[in-house]
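Inspection log for the structure reproduced underneath, given as structure tokens.
Numbers for residues simply follow the sequence, beginning at 1.
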Amino acid sequence: MELNKFSKRVTQDSSQPAAQAMLHAIGLTKEDFKKPLIGVASTGYEGNPCNMHLNELAKNVKTGINNHNGVGLIFNSIGVSDGISMGTPGMRFSLPSRDVIADSMETVVEAMSYDGFVTVVGCDKNMPGALMAMLRVNRPSILVYGGTIESGSYKGNKLDVVSAFEAWGQKVAGKIDKDEYQCVIEKACPGAGACGGMYTANTMASAIEALGFSLPYNSSNPAVGKSKELEAYSAGKAVINLLEQNIKPSDIITKKSLENAITLVTILGGSTNAVLHFLAIAKTANIPFTIDDIKNISNKTPFLADLKPSGKYLMEDIHYIGGIPAVLKYLLNEGLIHGDCLTVTGNTLAENLRNIPDLAPNQQIIKTIKNPIKPTGHIRILRGNLAPEGAVAKITGKEGLKFTGPAKVFNSEYETNEAIRNGLVEKGDVIVIRYEGPKGGPGMPEMLKPTAAIMGAELGNDVALITDGRFSGGTHGFVVGHITPEAQIGGPIAIIKNKDIITIDAQKNTIDLHLNKNEIKNRLNQWQTPELKVNKGTLYKYAKNVSTASLGCVTDL
């Protein structure tokens, strides 16, 4: 088997002396020129705990490659910290960073003629961006997740990053004083690793493991410790095996493996961002997979995991009861996932799980199929006269299944935060945040700050929130996002007025404005398209090219 079929363009072609001279300059030998060149793409950078350790893990990957007759070559892509940018104008760059990551990784691998590809990723958009790049180049590839952070602690309670957001809401509501607030901030995040609950990073890492695109235990191994270092080394070895067997991303990512991924997201109560990302991944893979496929999976799959944000446990607790492989084994035994899907080990998912220990006896985190938290999934795909092309709700059942109330309308997240701070949001309100979609935001920012403030103010059971923006994986409460069409392009959310009555029904999967068709039509006829909020740069290019949320917010339709 020829392992260097791409790199030989530069290493073996006698008409490429300059390329070979430059490769000698970085320390490669004539013997190395016969080996496959493997790109190791790290999203490591110092500014974020999710990513601060990734460059070191990339070195472990490189060692694994080099010790198994390959040549590992590390390069870097960008990252945006959702937790740090949340609630600021910087959050508008978060979702667009997914496409920048995909574009930059694809560019390097194609331009440098690498034979294979390992990505070392940490934060939310790193993972789908990396996966989209690997699908585009379609060369033997594997994803390494940097792992989850340890929990913080204050007064005997476990903390994570969402604890800090909710503490702000508690302080604003007078529930805690400024000293307690400061203690929570200082103790919430003790070191390296991605946010600890079943938020977007852990959701995507778990789903990608179910997809077959990372090694077993990749998603649940903690960020700090020997197990993650050894796993990174093993990924270097594994990519050589993929080259030898000529197993490519298109061999692994199929309709059935996508179904496995979304099934696990549903079981775990994962982030609604998984909807956006897996629609984009499926589009990149040229696999027909829509929000209706996600709806069908959620309608028949129970919600089992007592994990934050709606529950009490963290990803580190999953690690202690057997990790994501033990969860997948349980689902396989119950007939909820496909075992015959190929994975990056070169074996099927069922073969990977055959000798995995079962979930720890008497564990309390993963409920049984017979005794679920909710018999159907928490992700609800809603349609109605307010979202004719779809919306995504995250309803665990704890919030109730239906909400009707008068609209309280805001044209930005910032207006909403100010209103909550000033006590202007009242019990029974349906908060409407609009002009925050992929074009209108632009960048479809997450609404964690207002939702966390609502929870902190103890209004979580008494108000609903709808938006054409999106939500952090850390969001909980009666919330609906991804409303499509968005306000910026004249979706019905643009014509809601204060005190209009809205009903959200998570059993019928509907979201409706209590107005007749003629009134909606008249208001839409009077509505005028506002100018984009930007007129140059990355966000302008994104706003001009991005698709709707119901199509995954891709930029290359």
Side-chain angles (χ1 to χ4, degrees), residues 39-43 51 54 75-80 82 93-111 114 116-146 200-201 203-214 218-219 239 242 248-255 257-258 260-262 265 271 273-291 293-294 344 438 443-444 470 538 541-542 545-557:
V40 181
S42 171
T43 55
N51 300 70
L54 299 185
F75 66 94
N76 284 81
S77 184
I78 67 154
V80 168
D82 288 14
F93 288 86
S94 170
L95 185 57
S97 77
R98 183 190 72 184
D99 292 64
V100 176
I101 291 164
D103 292 347
S104 63
M105 288 184 177
E106 175 195 10
T107 297
V108 173
V109 172
E110 289 281 13
Y114 292 154
F117 192 9
V118 181
T119 61
V120 186
V121 290
C123 198
D124 301 7
K125 310 309 170 294
N126 302 173
M127 283 171 274
L131 195 50
M132 289 161 68
M134 291 187 281
L135 279 162
R136 290 179 191 176
V137 300
N138 202 32
R139 299 174 193 179
S141 306
I142 189 167
L143 181 143
V144 177
Y145 174 50
T200 306
T203 296
M204 290 305 298
S206 301
I208 288 167
E209 187 171 329
L211 192 70
F213 219 81
S214 60
N218 171 75
S219 58
V239 76
L242 291 173
K248 301 179 293 298
S250 59
D251 301 316
I252 294 171
I253 299 179
T254 64
K255 182 78 174 279
S257 67
L258 287 169
N260 284 349
I262 296 298
V265 169
S271 169
N273 280 320
V275 175
L276 282 179
H277 296 325
F278 276 100
L279 292 174
I281 289 163
K283 190 270 174 186
T284 307
N286 293 315
I287 296 170
F289 191 77
T290 69
I291 57 171
D293 291 296
I294 295 171
V344 291
M444 204 180 182
R470 60 193 176 94
T538 298
K541 287 186 285 187
Y542 188 80
N545 290 293
V546 68
S547 73
T548 68
S550 292
L551 295 176
C553 292
V554 295
T555 55
D556 56 349
L557 279 179

Closest heavy-atom pair and its distance - [X], [Y]:
X: Pro249; Y: Pro140; result: CD-N, 4.4 Å
X: Ala41; Y: Phe117; result: CB-CE1, 3.8 Å
X: Ala280; Y: Gly552; result: CB-O, 3.9 Å
X: Leu258; Y: Phe278; result: CD2-CD2, 3.7 Å
X: Ile142; Y: Phe213; result: CG1-O, 4.0 Å
X: Leu143; Y: Met134; result: CB-CE, 4.0 Å

In the structure I gave you, are the side-chain heavy atoms of [X] and [Y] within less than 4.5 Å of one another anywhere?
X: Arg139; Y: Val109; value: yes
X: Val554; Y: Val546; value: no
X: Leu276; Y: Leu95; value: yes
X: Val121; Y: Val144; value: no
X: Leu242; Y: Val344; value: yes
X: Val137; Y: Tyr114; value: no
X: Arg136; Y: Asp103; value: yes
X: Cys123; Y: Met204; value: no

Under 3.5 Å: donor-acceptor pair, side chain of [X], backbone of [Y]:
X: Lys283; Y: Asp556; value: yes
X: Asp293; Y: Thr290; value: yes
X: Asn545; Y: Tyr542; value: no
X: Asn218; Y: Tyr145; value: yes

*Go through the steps to decide whether Ser214 and Met127 satisfy the test side chain to side chain contact (heavy atoms under 4.5 Å, CB included), and finish with yes or no.*
CA-CA 11 Å; Ser214 60; Met127 283 171 274; over 6 Å; no
[X] side, atom [atom1]; [Y] side, atom [atom2] - distance, nearest 0.5 Å:
X: Thr203; Y: His277; atom1: OG1; atom2: NE2; result: 9.5 Å
X: Leu131; Y: Ile281; atom1: CG; atom2: CD1; result: 4.5 Å
X: Thr254; Y: Leu211; atom1: OG1; atom2: CG; result: 8.0 Å
X: Asn126; Y: Leu54; atom1: CG; atom2: CG; result: 7.0 Å
X: Asn273; Y: Thr200; atom1: CG; atom2: OG1; result: 4.0 Å
X: Ser550; Y: Leu279; atom1: OG; atom2: CG; result: 8.0 Å

*Check whether the side chains of Ser77 and Thr43 place a donor and an acceptor atom closer than 3.5 Å, and report yes or no.*
no
*Evaluate side chain to side chain contact (heavy atoms under 4.5 Å, CB included) for Ile294 paired with Phe289, printing each intermediate quantity in order.*
CA-CA 8 Å; Ile294 295 171; Phe289 191 77; 3.8 Å; yes
_Can you list everything that forms a side-chain hydrogen bond (donor to acceptor under 3.5 Å, both in side chains) with Thr119? Sequence neighbours excluded, please._
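Partners of Thr119 under the side-chain hydrogen bond (donor to acceptor under 3.5 Å, both in side chains) test: none.
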*Stepwise salt bridge (Lys or Arg N to Asp or Glu O under 4.0 Å) test for Asp124 and Arg98*: CA-CA 9 Å; Asp124 301 7; Arg98 183 190 72 184; over 6 Å; no
*Apply side chain to side chain donor-acceptor pair (under 3.5 Å) to Glu209 and Ser219, showing your working.*
CA-CA 7 Å; Glu209 187 171 329; Ser219 58; 2.7 Å; yes
*So does Lys541 pair up with Asp99, basic N to acidic O under 4.0 Å?*
no
